[in-house]
Protein chains: 2
Amino acid sequence: MPRSARPTPARSDVTTRLREAITRGQLMPNERLVEADLAATYGVNRAHIRTALAMLDQEGLVVRERNRGARVRAITDAEALEIAETRLALETMVARQAAAKITDTDRKALRAIEADMRRAVKDADDMAFSRCNGALHREIQRIASNATATRILSTLRSHLVRLQYRVILLPGRPQSSLAEHQAIVAALCANDANAAEKAMRRHLTSFTTLLKQAIDAARHGGF
Amino acid sequence: MPRSARPTPARSDVTTRLREAITRGQLMPNERLVEADLAATYGVNRAHIRTALAMLDQEGLVVRERNRGARVRAITDAEALEIAETRLALETMVARQAAAKITDTDRKALRAIEADMRRAVKDADDMAFSRCNGALHREIQRIASNATATRILSTLRSHLVRLQYRVILLPGRPQSSLAEHQAIVAALCANDANAAEKAMRRHLTSFTTLLKQAIDAARHGGF
DNA sequence: GCCGCGCAGATTGTCAACAATTTGGATAAC
DNA sequence: GTTATCCAAATTGTTGACAATCTGCGCGGC
């Protein structure tokens, strides 16, 4: 039987679609998530929305109060830093593990992404740079093949994506970030776990510091 | 109105009860979780069970296959090590943060738990020791007040509890574990972030190593 | 004996209706 | 003008029924 007119048009993962809507900022923090509305929007039953909200609650992207419904969880500045630091701790571990497991194929993949990233910096293409950034980190996680850490990092990232742009758009950030990434790639390709961990720590420390500055600037300046 | 005959007898968190049933081993790995049965067991509606299963799925404690229901997720040996290593990375960070924030009240609490632990070792009371162990780690997390890391660690722990006993019951383990914990407490009380991180790393590295040995022994020996 | 076929039971997926609760505003009292 | 009270609309919580799907078993053909 051809599935031309499929009965469930990708309705299986409303959770994914809702998650993306939140991380992309289409649903603003503290915005109420009315089950009936969401059901209508995504063309599914209220039960689907209900379980999706339960999962996103567990994931920390929404909060639910009994009889009061769900809202997009607004993360505080302090929490953003917590997340950035937790990410740092995990990604340094992942970098170390990746250095121990890397193969020639992996090296090629890393260098390809690095080349893309260099190009993006030269062209001053922030969007492309951001994509390469994500791709590189994900590739390192794939090499480390630590499913547990990868899963946790992906949920942490979903909380950070919105803030990330503030940092990337800082003047001179792409250049220094590129250098940091190159150091990471070099260490990984050399099988040097210590150097890889150190390079990743330096990279993410710098990210965290800049994030902190961006947050402070937002608080005092134009909020 | 008095709530003598309360309408919802703690039915609100079937999720918690299910989670505990799994972590305590009352529900075995790969055991099928039939919604109707669970609903009857816990005296709630199938919808409750359904959302509980969705959350525990997100948490990684159960797996669900479409139209085939949910089962308790069986974690592999490799995964157990992944989890232990991830835990190590997070708890070393937490130890560092706790050292930076510790107050006199916190110091007292830590020393009290340490005393309990010493007593448990002297009495060779493994259960009490295990409780103190958990209490100490939780207290350190509370001091660090990194909600993000604490949340992640609590789910990681839920995966490790069953394996934990294998390690604790090894001969001589309580004694060496006690010494490791004392080093951690001392470093924390001295506000020494570097020493605290180092002590925690040593402690959890030793735990991870023993866990690895226990796994290998189980594989080759009597499993 | 072995393999495919199909049926019945068990189980999950979907849905709509109803009950319970909250929320905002209108109304009345002061 | 302010506050308290109550009602109606909106929203979530709960339940049961039905449809879709899977699973195991018996039956028949070879």
Side-chain angles (χ1 to χ4, degrees), chain A residues 1-19 21-22 26-74, chain B residues 1-19 21-22 26-74:
Chain A
M1 177 200 295
R3 301 178 113 262
S4 51
R6 42 183 165 169
T8 55
R11 92 173 37 168
S12 46
D13 49 355
V14 204
T15 310
T16 305
R17 297 214 278 159
L18 252 179
R19 183 187 296 115
I22 293 176
Q26 292 168 7
L27 296 171
M28 299 300 290
N30 283 323
E31 180 170 343
R32 285 195 60 188
L33 300 172
V34 178
E35 297 177 359
D37 294 354
L38 295 176
T41 304
Y42 293 103
V44 298
N45 193 282
R46 243 185 77 205
H48 288 297
I49 299 293
R50 208 149 231 283
T51 66
L53 290 177
M55 296 181 84
L56 294 176
D57 176 24
Q58 185 69 25
E59 201 170 323
L61 278 178
V62 313
V63 284
R64 293 190 306 166
E65 290 172 292
R66 178 167 179 97
N67 287 323
R68 290 207 196 168
R71 291 176 308 156
V72 177
R73 174 145 165 255
Chain B
M1 177 199 296
R3 300 177 116 263
S4 52
R6 42 185 164 166
T8 55
R11 90 175 37 168
S12 46
D13 47 357
V14 204
T15 311
T16 305
R17 297 214 277 158
L18 253 180
R19 184 186 296 116
I22 294 175
Q26 292 167 6
L27 295 170
M28 298 299 290
N30 282 325
E31 180 170 342
R32 286 195 62 189
L33 299 173
V34 178
E35 296 177 359
D37 294 353
L38 295 176
T41 303
Y42 293 104
V44 298
N45 194 284
R46 243 185 78 204
H48 288 297
I49 300 293
R50 207 148 232 283
T51 66
L53 289 177
M55 295 180 85
L56 293 176
D57 176 24
Q58 185 69 27
E59 200 171 324
L61 279 178
V62 312
V63 283
R64 293 190 307 165
E65 290 173 291
R66 177 167 180 99
N67 286 323
R68 291 211 200 164
R71 290 177 309 156
V72 177
R73 174 145 165 255

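For clarity, every value in this text was computed on a predicted model and none was experimentally measured. Numbers restart at 1 for each chain; the letters A, B, ... are given by sequence-line order, proteins then strands.
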Exercise. Of all the nucleotides listed (C:dT21, D:dT11, C:dG13), which has the minimum atom distance to the side chain of A:Arg32?
Worked result: D:dT11
For this session: Between C:dT12, D:dT14, D:dT11, spot the one nearest the side chain of B:His48, thanks.
Result: D:dT14
For this session: In sequence, state the C-alpha distance, the side-chain angles, and the governing distance for A:Leu53 and A:Asp57, and then conclude on side chain to side chain contact (heavy atoms under 4.5 Å, CB included).
Result: CA-CA 6 Å; A:Leu53 290 177; A:Asp57 176 24; over 6 Å; no
For this session: Could you state the atom-to-atom distance from CD1 of A:Ile49 to P of C:dC15 in whole Å?
Result: 12 Å
Problem set entry | Heavy-atom donor-acceptor pair, B:Arg46 side-chain to C:dG13 base, under 3.5 Å | yes
Problem set entry | Nearest-Å distance for atom pair CZ/P, residues B:Arg64 and D:dT21 | 18 Å
Exercise. Does a side-chain N or O from B:Arg66 land closer than 4.0 Å to OP1 or OP2 of D:dT21, or not?
Worked result: no
For this session: Starting at atom CZ of B:Arg50, determine the distance to atom C1' of D:dG13, rounded to an integer number of angstrom.
Result: 16 Å
Problem set entry | Distance in angstrom units between B:Glu35 CD and D:dG16 P, rounded | 15 Å
Exercise. Closest nucleotide of DNA chain C for B:Leu33 versus for A:Arg68: which of these residues is on the 5' side?
Worked result: B:Leu33
Exercise. Picking from D:dT21, C:dT21, D:dT15, which would you name as closest to the side chain of A:Asn67?
Worked result: C:dT21
Exercise. Is any side-chain nitrogen or oxygen of A:Asn45 closer than 4.0 Å to OP1 or OP2 of C:dT14?
Worked result: no
Seminar exercise, completed: Separation of D:dG13 atom C1' from A:Glu65 atom CD, nearest Å, is 15 Å
For this session: Only one of A:Glu65, A:Arg66, A:Arg71 passes side-chain contact (heavy atoms from CB on, under 4.5 Å) with A:Arg68; say which it is.
Result: A:Glu65
Exercise. Rounding to a whole Å, what distance do you find between B:Asp37:CG and C:dT11:C1'?
Worked result: 10 Å
Seminar exercise, completed: Here the pair of heavy atoms bringing A:Arg73 nearest to A:Val63 is CD-CG1, 3.4 Å
Exercise. Do B:Leu18 and B:Leu27 have side-chain heavy atoms sitting under 4.5 Å apart?
Worked result: yes
